[in-house]
There are 2 protein chains.
Amino acid sequence: MRGTTSAKIRVTIVEDDAGVCEGLSFLIDGSPGLRCVSTFGDAESFLAAHHSQRADVVLMDIDLPGMSGIDATRDLRRRAKPPLVMMLTVYGDDGQIFESLRAGACGYLLKTTPPAQLVDAITTVYHGGSPMSETIARRVVASFQQPSPKARALADLTLREREVLDLLSRGFRYREIADRLEIGLETVRTHIRHIYDKLEVRSRTEATAKYLGGEVS
Amino acid sequence: MRGTTSAKIRVTIVEDDAGVCEGLSFLIDGSPGLRCVSTFGDAESFLAAHHSQRADVVLMDIDLPGMSGIDATRDLRRRAKPPLVMMLTVYGDDGQIFESLRAGACGYLLKTTPPAQLVDAITTVYHGGSPMSETIARRVVASFQQPSPKARALADLTLREREVLDLLSRGFRYREIADRLEIGLETVRTHIRHIYDKLEVRSRTEATAKYLGGEVS
DNA sequence: GGCAATATCCCCCTTTCGGGGGATTGAGGA
DNA sequence: TCCTCAATCCCCCGAAAGGGGGATATTGCC
């Protein structure tokens with residue numbers, strides 16, 4: 001995918017703990033197929049220097065002095081040929097996990113990961129995988145399983161009201177909804193008033209926000 | 001987590017290919033810590049028998065005669081103490097992956113997975129992980145990266161416009177937005193017209209739908 | 001039979017939206 | 001320097017939305 005097959009995978013470490021940094025660097029350089037090309041103690045100097053020190057994979061800590069590893073990842077993705085970023089952090093809370101992935105991280109490992117697995121993970125990332133610590137993977141998967149916001153709003157509504165709400169939230173005018181459902185304009189208005197009553201909203205937009213799960217984030 | 005630590009993990013296989021089924025069963029029974037308690041050739045008979053043949057982990061094929069493995073997983077999750085489900089299939093297209101995860105699958109392996117890894121994966125699932133084949137994991141992670149609906153909508157907008165859009169999508173009236181931002185009503189209207197232009201919408205609701213990611217699902 | 005819920009339709013009215021035009025200021029880039 | 005863009009404000013106007021009232025038919029349940 002990148003470079004020649006025989007070349008070593010170039011790794012950069014962004015980690016503020018000098019000890020950890022050194023340990024990782026040592027581990028990587030001691031692994032066949034990997035080479036640590038640079039280490040940085042903060043996101044700013046990493047971003048500034050990255051042009052000249054191109055890496056294939058970046059091991060990124062989240063908690064850094066100044067700019068966070070997540071923000072750095074986001075910044076990195078806006079560039080021409082962004083390296084693959086793997087988060088390596090002590091925290092595994094949902095917020096940081098999902099924010100990291102949204103920012104563009106390809107993997108997410110906890111610092112408790114054994115060295116051997118860490119090395120495997122770097123290779124996996126490079127070859128198109130997305131290694132995650134066990135608990136992380138489960139949370140990511142679980143995030144798909146949350147009942148969709150739709151289900152909540154739908155609870156109290158009658159079948160017809162749900163149909164109306166769906167069209168309503170897609171921006172259709174009353175007239176258009178009436179035509180689609182082949183009912184009268186006044187009927188649509190009645191349904192909508194009932195919907196508003198049940199959802200405790202006063203406008204189409206509030207209803208839409210509830211329907212689509214607007215109260216998130 | 002389940003049973004005693006010394007007990008073997010009870011595995012059930014739902015797979016219509018008798019040969020594959022037998023091979024998996026043999027593999028599992030040959031692994032210390034695992035035991036194949038039952039095998040089914042279709043989802044219906046599995047669902048019917050599952051009460052009496054409780055398993056810890058179910059290896060579920062997707063393509064089954066009749067009901068699909070995904071539907072069976074969905075059905076399973078409605079029960080009292082659903083077993084952990086790991087998809088084991090030849091297909092790795094996004095649709096099936098995400099539908100499986102939404103249905104409640106905890107893991108997703110391709111049938112090309114080497115036996116040793118498969119056994120590991122079963123154990124991982126049992127211990128709270130979510131093993132996925134490399135390419136699957138990357139797709140799952142990538143699904144977070146498709147610039148979130150917000151980011152997309154936000155892309156072209158100026159700072160002020162984003163603020164206005166946020167309030168707009170939460171159902172605030174122009175007057176309320178103006179008061180909140182301490183600007184004039186006309187200014188709000190101007191911003192909104194710019195927002196509509198950029199998002200290519202003609203109403204608050206359409207803008208909200210785009211902002212909140214209404215076109216999903 | 002009566003009652004509740006659903007779905008349908010009609011009238012009144014005011015408020016809010018959205019589209020069109022234009023203007024000014026200040027900051028920052030060509 | 002000039003020009004662009006973001007942000008601010010103003011006017012006119014018609015269409016859409018929302019709130020209030022009430023009505024009818026059908027269904028299913030007690």
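Sequence lines set the chain letters: A, B, ... in the order given, protein chains first and strands last, and positions in each chain run from 1. Keep in mind the model is a prediction, meaning the values are calculated, not measured.
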For the helix from C:dG1-D:dC30 to C:dA30-D:dT1, what is the angle between the axes at its two ends, each from 5 pairs, rounded to 10°?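 For the helix from C:dG1-D:dC30 to C:dA30-D:dT1, the axes at opposite ends meet at about 40°.
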
Remember a base hit wins even if backbone is also touched, and classify A:His194 as base, sugar-phosphate or nothing at under 4.0 Å, heavy atoms. nothing

Can you tell me the distance, in whole Å, between the [atom1] atom of [X] and the [atom2] atom of [N]?
| X | N | atom1 | atom2 | result |
| --- | --- | --- | --- | --- |
| B:Asp197 | C:dG20 | CG | P | 8 Å |
| B:Ile192 | D:dA16 | CD1 | P | 18 Å |
| A:His191 | C:dT8 | NE2 | C1' | 7 Å |
| B:Glu161 | D:dT8 | CD | P | 10 Å |
| B:Arg175 | D:dG18 | CZ | C1' | 20 Å |
| A:Leu159 | C:dT8 | CG | P | 11 Å |
| A:Ile195 | C:dA7 | CD1 | P | 10 Å |
| A:Leu185 | C:dC9 | CG | P | 10 Å |

Indicate for each nucleotide in nucleotides 21-30 of chain C, in 5' to 3' sequence, whether protein heavy atoms under 4.0 Å reach the base (B), only the sugar-phosphate (S), or nothing (-). B---------

According to salt bridge (charged side-chain N to carboxylate O under 4.0 Å, His left out), does anything in residues 172-181 of chain B pair up with another residue at least two apart or in another chain? List the pairs.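 Every salt bridge (charged side-chain N to carboxylate O under 4.0 Å, His left out) pair that includes a residue of residues 172-181 of chain B, provided the two are not neighbours, is B:Arg175-B:Asp179.
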
[Y] and [X], any side-chain heavy atoms less than 4.5 Å apart:
| X | Y | result |
| --- | --- | --- |
| B:Leu47 | B:Met67 | yes |
| A:Thr205 | B:Leu168 | no |
| A:Glu163 | A:Leu181 | yes |

The side chain of [X] lies closest to which of these nucleotides: [options]?
| X | options | answer |
| --- | --- | --- |
| A:Ser203 | C:dA7, D:dG19, D:dG18 | D:dG18 |
| B:Arg189 | C:dC9, C:dG20, D:dA17 | C:dG20 |
| A:Ile183 | C:dA7, D:dG19, C:dC9 | C:dC9 |

Are any of [X]'s side-chain N or O atoms less than 4.0 Å away from OP1 or OP2 of [N]?
| X | N | value |
| --- | --- | --- |
| A:Thr187 | C:dA7 | no |
| B:Arg173 | C:dT15 | no |
| B:Tyr174 | C:dC17 | no |
| B:Tyr196 | C:dG19 | no |
| A:Arg160 | C:dT8 | yes |

Taking A:Glu99 first and then A:Arg102, would you say they form a salt bridge - that is, a charged N and a carboxylate O separated by under 4.0 Å? no

Assess whether a salt bridge exists between A:Arg170 and A:Asp166, defined as any Lys/Arg side-chain N lying under 4.0 Å from an Asp/Glu carboxylate O. yes

Using the ring pair (Phe, Tyr, Trp, His ring centres under 6.0 Å) criterion, which residues pair with A:Phe26? Sequence neighbours excluded. none

Set of residues satisfying side-chain hydrogen bond (donor to acceptor under 3.5 Å, both in side chains) with respect to B:Asp94, sequence neighbours excluded: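 side-chain hydrogen bond (donor to acceptor under 3.5 Å, both in side chains) list for B:Asp94, sorted by chain: B:Arg139.
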
Which heavy atom of A:Ala72 sits nearest a heavy atom of A:Ala43, and at what distance?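 Closest approach of A:Ala72 to A:Ala43, heavy atoms only: CB-CB, 3.7 Å.
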
Results of salt bridge (Lys or Arg N to Asp or Glu O under 4.0 Å) for B:Asp63 - residues two or more places apart only: none

